[in-house]
Amino acid sequence: MGTLDSITSPRDLRALDDAQLDGLASEIRDFLITTCARTGGHIGPNLGVVELTLAIHRTFDSPHDRIVFDTGHQAYVHKLLTGRKAGFEKLRQEGGVSGYPSQGESEHDIVENSHASTALSYADGLAKAFTIRGEDRHVVAVIGDGALTGGMAWEALNNIAVAKKSRLVIVVNDNGRSYTPTIGGLATALTSLRTNPRYENVLDMVKRRLNAVPGVGPAAYDALHAMKKGVKDALAPQGLFEDLGLKYVGPVDGHDRVAMEQMLAQAKRFNGPVIVHAITRKGYGYDPAERHEADQFHGPGPFDVQTGAEKPKGPIWTDHFSDAIVEIGHRRPDVVAITAAMMHPVGLDKFEAAFPDRTFDVGIAEQHAATSAAGLALGGLHPVFAVYGTFLNRAFDQVLMDVALHRCGVTFCLDRSGVTGDDGASHNGMWDMSILQVVPGLRLAAPRDAARLRELLGEAVEVDDAPTVIRYPKGPPPADIEAVGKAGGADVLARSGPQDVLVVAVGSMGTVAVDVADRLVAQGIGVTVVDPRWVKPVDPAIIDLARQHRLVVSIEDNGETGGCGAVLLQTLNAAGVHTPFRLHGIPQEFLSHAKRDAILERIGLTPQTIARGIVEEMTSLADGRSPLDVDHQAQG
Ligand SMILES: Cc1ncc(C[n+]2csc(CCOP(=O)(O)OP(=O)(O)O)c2C)c(N)n1
Ligand SMILES: CC(=O)[C@@H](O)[C@H](O)COP(=O)(O)O
Ligand SMILES: [Mg+2]
């Protein structure tokens, strides 16, 4: 049994000596590597914070002192030091620990949201609350250099800089990368801090020299040190944070636990907001990760421990987008691409390689990305902003008022839409087809397969007077599903028997709907399956089809409230079409982490469950019983 197994609370760390702590750090590293090799996960970020997290937990007293992790993907070490080693058996799977902090897992966890750049705002609020309540508690916020490129972080710093009573220690975990090297002026400023012979170093040198002068030396040093501000300005230029009025200590080697503890203790004594600038390396201590140029093992799937080679996987939706956008880039010199610090994850790396001057990585700054896209469109170009669906949420106002109000031809490509699973509630892309429904003029498409992704993307970039959105899920697409007919702009995917049931299959649910149709036909029920392709605005042909059938069923990989089904029902009612209607979507709740398929099974977005429900409805229709509970009518 190693030391790690003996750690049930961070307080146990205080009894360990340096040798035991160094051994524990190695043990944690080995455990993380072997675990993530099996399960996949954020191995790179977590290998980079082993010593830093040990130092934090030895200096502060969690949960009395609160520790907030920005984005939270780098909290595995924190979880191991707070008694959750066993849960890593099923990391990011049902029954195992979440890949992010989780209040339900531990009293040591507080922020669960995986959206970056929020930690400093939480910490500002927490610290103010403790001050007002007269509680002698510190707040420690760990924020990466990538997350610092998000606007919210600077909104928070602007406030923290004047919150002089806040006992807030901000640990900037500066490994120089998001996935790829962090971009922009902030990164440059951090680099200059990182590489500057800082005030402390120079002061140490002066101290050594003066103290070597018998008699006058020490007194001179004390006088010099007393002129701290002047000395600081003279010896080292003001840094980014100090210009804001924030106390700054560092930079410190984040892998030197002893040095980290010294800096954190100094920061703790300050009893006001203070920044500790830690320099770390993503993947530290695991050569395949440190050498992994693409993203230093930010979040790989399962991999071989010896070589670091990831288990091969087939093409995913992202790969098809990646090829399609490059084809468009060749024929449309006005098309430019934007990512928010996720060039490879969203599939823009090939476009960047082909068109480096037409590709923009704006950092973790989705709001800026959306409005900058509006600027690009107003400047005569057609921007394509590729982003995970859940992360577009924070740019809703920019989509609404900066893009749509000005009728800008911007195309948003929402990857990881629908249930993503592994990364928990704040990563499921289940919101976009609800929130974007209210944007006047915006057109929204959901491809059912790779062929339709290419088609719809091609159609979207032809629209230059309104925002267009293409949304597709995580993982591999199904085999292409060819249409058997057309209904307006919609594709008819199946048509059999009398017009009993109309199944409206949105995007990736096309493959589910075709399976449902087979099951219904086997039970003698007539069915038509239609894929709208463009779900916003509602295609009039679908209203006509609804008129002709006895039951309408919509299926979508989006929240039920305000989604495509709800809007279709509302549109049908407004058109005087009152065909019985059954809506299938994601329950409007925060879904805990599990694999995508396991969640789809649990929430009933499977052919078996949907078909069974339709048969029951058709039976009640045949019996003349009230065809449907009207709950979904109310959701219109
Ligand atoms: C709003 C938002 N956009 C994008 C992401 C995806 N994302 C997860 S981690 C990460 C990089 C974070 O970089 P940094 O803060 O430096 O942390 P590190 O991984 O280097 O520890 C990104 C872009 C996110 N979590 N939230
Ligand atoms: C922490 C974060 O937001 C991302 O790294 C997220 O884990 C992306 O996961 P996938 O790219 O595997 O969908
Ligand atoms: Mg970083």
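Atoms considered below: every heavy atom in the structure, side chains included; atoms not considered: hydrogens, waters and symmetry mates. In each ligand, atom 1 is the first atom listed, and ligand 1 is the first ligand listed. Bear in mind the structure is a predicted one, so any value in this text is a computation, not a measurement.
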Inset, instruction - May I ask whether R394 has any heavy atom positioned less than 4.0 angstrom from an atom of ligand 1? - result: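 Under 4.0 Å: yes for R394.
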Legend entry - Proximity flag Q74 to ligand 1, non-hydrogen atoms under 4.0 Å: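 Not so, Q74 does not reach ligand 1.
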Residue part near ligand 1, for [X], under 4.0 Å between non-hydrogen atoms:
{"X": "V49", "result": "neither"}
{"X": "H73", "result": "side chain"}
{"X": "P345", "result": "neither"}

Say whether [X], considering both its backbone and side-chain N or O atoms, lies within less than 3.5 Å of an N or O atom on ligand 1.
{"X": "T71", "value": "no"}
{"X": "I364", "value": "no"}
{"X": "T182", "value": "no"}
{"X": "P45", "value": "no"}
{"X": "M342", "value": "no"}

From the candidates [options], the one that places a heavy atom nearest [atom]:
{"atom": "atom 3 (N) of ligand 1", "options": "H115, M152, E366", "value": "E366"}
{"atom": "atom 13 (O) of ligand 2", "options": "H427, R416, H42", "value": "R416"}
{"atom": "atom 7 (N) of ligand 1", "options": "F69, Y100, Y179", "value": "Y179"}

Inset, instruction - Give yes if a backbone or side-chain nitrogen or oxygen of R92 is under 3.5 Å from a nitrogen or oxygen of ligand 2, and no if not. - result: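 In this structure, R92 places no N or O atom under 3.5 Å from an N or O of ligand 2.
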Inset, instruction - For ligand 2, find out whether one of its N or O atoms is nearer than 3.5 Å to an N or O atom of S114. - result: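 In this structure, S114 places no N or O atom under 3.5 Å from an N or O of ligand 2.
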Inset, instruction - Measuring from the Mg ion (ligand 3), name the closest N, O or S atom belonging to D145. - result: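 Of all N, O or S atoms in D145, the Mg ion (ligand 3) lies closest to OD1.
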Parallel, tilted or perpendicular: which one describes the rings of [X] and [Y], with boundaries at 30° and 60°?
{"X": "W431", "Y": "F590", "answer": "tilted"}
{"X": "F88", "Y": "F31", "answer": "perpendicular"}
{"X": "F391", "Y": "Y388", "answer": "parallel"}
{"X": "H73", "Y": "H298", "answer": "tilted"}
{"X": "Y286", "Y": "F303", "answer": "tilted"}

With atoms numbered from 1 as shown, which atoms in ligand 2 lie under 4.0 angstrom from a non-hydrogen atom of [X]?
{"X": "F391", "result": "3 (O)"}
{"X": "Y179", "result": "4 (C), 5 (O), 8 (C)"}
{"X": "Y388", "result": "8 (C), 10 (P), 11 (O), 13 (O)"}
{"X": "H73", "result": "1 (C)"}
{"X": "H298", "result": "5 (O)"}

Would you say [X] and [Y] make side-chain contact, with heavy atoms under 4.5 Å?
{"X": "D22", "Y": "R257", "result": "yes"}
{"X": "L168", "Y": "V274", "result": "no"}
{"X": "V403", "Y": "L400", "result": "no"}
{"X": "T339", "Y": "F385", "result": "no"}
{"X": "K247", "Y": "F241", "result": "no"}

Legend entry - Heavy atom of the protein closest to atom 14 (P) of ligand 1 (residue, atom name, distance):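 The closest one turns out to be G146 N, 3.5 Å.
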Legend entry - Shortest protein contact, atom 26 (N) of ligand 1 (heavy atom only):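 Going atom by atom, the protein heavy atom closest to atom 26 (N) of ligand 1 ends up being A116 N, 2.9 Å.
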Legend entry - Spatial distance of atom CG (N428) from atom CD (E589) [nearest 0.5 Å]: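 Atom-to-atom, N428:CG and E589:CD are 10.5 Å apart.
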Inset, instruction - Mind running side-chain contact (heavy atoms from CB on, under 4.5 Å) on L414 and L436 for me, showing each step along the way? - result: CA-CA 12 Å; L414 307 188; L436 296 175; 4.2 Å; yes
Legend entry - E94/K595 ion pair, N-O < 4.0 Å: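 Judged by the 4.0 Å cut-off on N to carboxylate O distance, E94 and K595 do not form a salt bridge.
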Inset, instruction - Look at ligand 2 and say whether D423 reaches it with a heavy atom at a distance under 4.0 Å. - result: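 Per 4.0 Å heavy-atom rule, D423 contacts ligand 2.
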Legend entry - Full working for side-chain contact (heavy atoms from CB on, under 4.5 Å) between D109 and H78: CA-CA 9 Å; D109 292 8; H78 163 78; 2.7 Å; yes
Legend entry - the Mg ion (ligand 3) to nearest N/O/S of A147 below 2.8 Å: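 Of the N, O and S atoms in A147, none lies under 2.8 Å from the Mg ion (ligand 3), which means no.
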Inset, instruction - Could you tell me whether K311 atom NZ has more than 12 heavy atoms of other residues or ligands within 6.0 Å of it? - result: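 Result for NZ/K311: enclosed.
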